[in-house]
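See below for the structure under consideration.
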Amino acid sequence: MLSLVCRASARSVACASRAAYLPTFSSAYSVSPLFQRRNKSAKAYEGHIPLSWWENAVLAVGSACVSLGNPRRGDMVAVCGETTAGPILPRLRDHMLASPEGRQILKDRPRINTHTVDMAQLAKLPEGTFGRMYVDWLERCGVTPDTREPVRYIDDPELAYVMQRSRECHDFYHCINGMPVNVEYEIAVKYFEFANLGLPMAGLAALFGPLRLWTSKKSDAEKLHRLMTEYVPWALKCGASARSLITVYWEKRWEQDVQEMKLELGLWDTPPVVWHKPLSKAKVAVEEAQQQPV
């Protein structure tokens, strides 16, 4: 299966190289349907790798197998997400077009990384604001927004951006729900994401992810029980009832109060969360001070 994936990827690169002397994406898709099919290899945007239907199918199956076997392979998770997105992306785009906030996102096409977001400025925001919560969450989890793979295998540039946006906003779902980055909480967020957005990759991860906790270890059994009895029911109900989060312009809400934002978006508090990574002494002091009666 991996050899098939490699061969499909090699052909994709070859197709991309041939695109140098073909008409541009806009001109190729402004002519007859027959000519459109002949110019399928035309690149639609920087980094785009056009695929035939069978190459897409091979990559979808191969990347899904690799991703389920090793979820740390972020590149394969990204490929699986793109090759299985199907008709979901147009539906998400329609949600964005139906929302003033979503239309502004499609117009601006913002990106989320340390080059576009001033993390130092967010760290200066008051406690309880979304921006401050986000940088604190990044620090506590030891993660960065710079690790998201760029979209390559989606032909339509606008739909490619919708896919990129959903990928880069994933950490916000962890953050706003107060969940760390480990196996059980990642699965819970996948259930939440699937219920809210409907992306097939999130559904696959939610379906097969619990198998990673199916071991003889007592600690894993406890995590699996808590996941299936507490977090999954919460994720499905909360994700389905909340506003479509692809329409949220998170970068415009850095200074908004978190509780106010959750109320506006239709989110409610998660079940009790266990953080295995301790806070720094400074963060502990802040949390203890906040818990003191006024």
Side-chain angles (χ1 to χ4, degrees), residues 1 4-5 8-9 11-12 15-16 25 29 36-37 40-68 71 73-99 102-103 105-106 109-112 145 147-173 186-187 189-209 235-236 239-240 242-248:
M1 181 62 70
L4 288 175
V5 174
S9 299
R11 178 169 176 177
S12 300
C15 289
F25 181 84
Y29 278 71
Q36 290 177 21
R37 290 193 291 271
K40 184 67 175 178
S41 59
K43 294 178 67 172
Y45 49 86
E46 185 66 28
H48 176 222
I49 301 177
L51 298 176
S52 65
W53 69 267
W54 69 267
E55 287 174 326
N56 189 89
V58 170
L59 277 181
V61 174
S63 60
C65 293
V66 175
S67 301
L68 294 174
R73 285 291 304 272
D75 55 340
M76 288 292 99
V77 173
V79 171
C80 185
E82 295 173 38
T83 54
T84 60
I88 298 299
L89 292 178
R91 183 172 66 84
L92 293 179
R93 178 183 58 186
D94 290 345
H95 288 174
M96 298 178 77
L97 291 173
S99 161
R103 288 196 297 272
I105 296 171
L106 288 176
R109 297 197 181 186
R111 298 294 302 274
I112 303 166
T147 58
R148 299 299 175 188
E149 291 284 330
V151 173
R152 296 186 178 92
Y153 301 107
I154 295 174
D155 293 332
D156 184 277
E158 190 171 54
L159 296 182
Y161 175 74
V162 173
M163 185 75 230
Q164 189 73 45
R165 180 69 179 177
S166 69
R167 184 176 294 170
E168 293 181 356
C169 288
H170 176 79
D171 285 348
F172 292 148
Y173 311 150
E186 185 64 43
I187 296 170
V189 171
K190 288 298 183 184
Y191 271 98
F192 173 87
E193 197 171 13
F194 179 68
N196 188 261
L197 303 179
L199 288 169
M201 180 58 201
L204 286 172
L207 181 63
F208 293 100
L236 291 175
R243 166 180 162 181
S244 180
L245 298 185
I246 196 68
T247 67
V248 178

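When reading the values below, keep in mind they use all heavy atoms of this one structure, side chains included, and skip hydrogens, waters and symmetry mates.
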Please output the side-chain donor-acceptor pairs of residues 79-86 that fall under 3.5 Å, not counting sequence neighbours, one pair per line with the distance.
residue: Glu82; atom: OE1; partner: Arg152; partner atom: N; Å: 3.0
residue: Glu82; atom: OE1; partner: Tyr153; partner atom: N; Å: 2.7
residue: Glu82; atom: OE2; partner: Arg167; partner atom: NH1; Å: 3.3
residue: Glu82; atom: OE2; partner: Arg167; partner atom: NH2; Å: 3.0
residue: Thr83; atom: OG1; partner: Val79; partner atom: O; Å: 2.9
residue: Thr83; atom: OG1; partner: Cys80; partner atom: O; Å: 3.4
residue: Thr84; atom: OG1; partner: Cys80; partner atom: O; Å: 2.6

For residues 200-209, please give each side-chain donor-acceptor pair under 3.5 Å, one per line with the distance, not counting sequence neighbours.
none

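Summarising the geometry, atom CG belonging to Asp94 is positioned 11.0 Å from atom CG belonging to Leu89; distances are rounded to the nearest 0.5 Å. Taken to the nearest 0.5 Å, the CG atom of Leu106 stands 10.5 Å off from the OG1 atom of Thr247. The line from CE of Met76 to SG of Cys65 is 11.5 Å long, rounded to the nearest 0.5 Å. For the atom pair Leu245 CG and Leu92 CG, the distance stands at 11.0 Å (nearest 0.5 Å). In this structure, CD1 in Ile154 is found 9.5 Å from CG in Asn56, a value given to the nearest 0.5 Å.
When every heavy atom of Ile105 is checked against every heavy atom of Met96, the shortest pair comes out as CG2-CE, 3.6 Å. In terms of heavy atoms, Glu168 sits closest to Ile112 at OE1-N, 2.9 Å. In plain terms, the two heavy atoms of Glu55 and Pro50 that are nearest each other are OE1-O, 4.3 Å. In terms of heavy-atom proximity, Ala195 sits nearest to Ala235 at CB-O, 4.0 Å. The heavy-atom pair separating Ser166 from Leu199 by the smallest distance is OG-CD1, 3.8 Å. Contact record, His95 with Ser244: ND1-OG, 3.5 Å, taken as the closest heavy-atom pair.
A heavy-atom distance below 4.5 Å is found between the side chains of Arg109 and Glu158. At least one side-chain heavy atom of Leu159 sits under 4.5 Å from a side-chain heavy atom of Pro90.
For Arg91, the salt bridge (Lys or Arg N to Asp or Glu O under 4.0 Å) test picks out no residue, with sequence neighbours left out.
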side-chain contact (heavy atoms from CB on, under 4.5 Å), that's the test. Do His170 and Lys190 meet it? Break it down for me. CA-CA 9 Å; His170 176 79; Lys190 288 298 183 184; 4.0 Å; yes
Kindly indicate, with the supporting measurements, whether the criterion side-chain contact (heavy atoms from CB on, under 4.5 Å) is fulfilled by Val77 and Glu149. CA-CA 9 Å; Val77 173; Glu149 291 284 330; over 6 Å; no
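Side-chain atoms of Tyr45 do not come within 3.5 Å of backbone N or O of Asp156 as any donor-acceptor pair.
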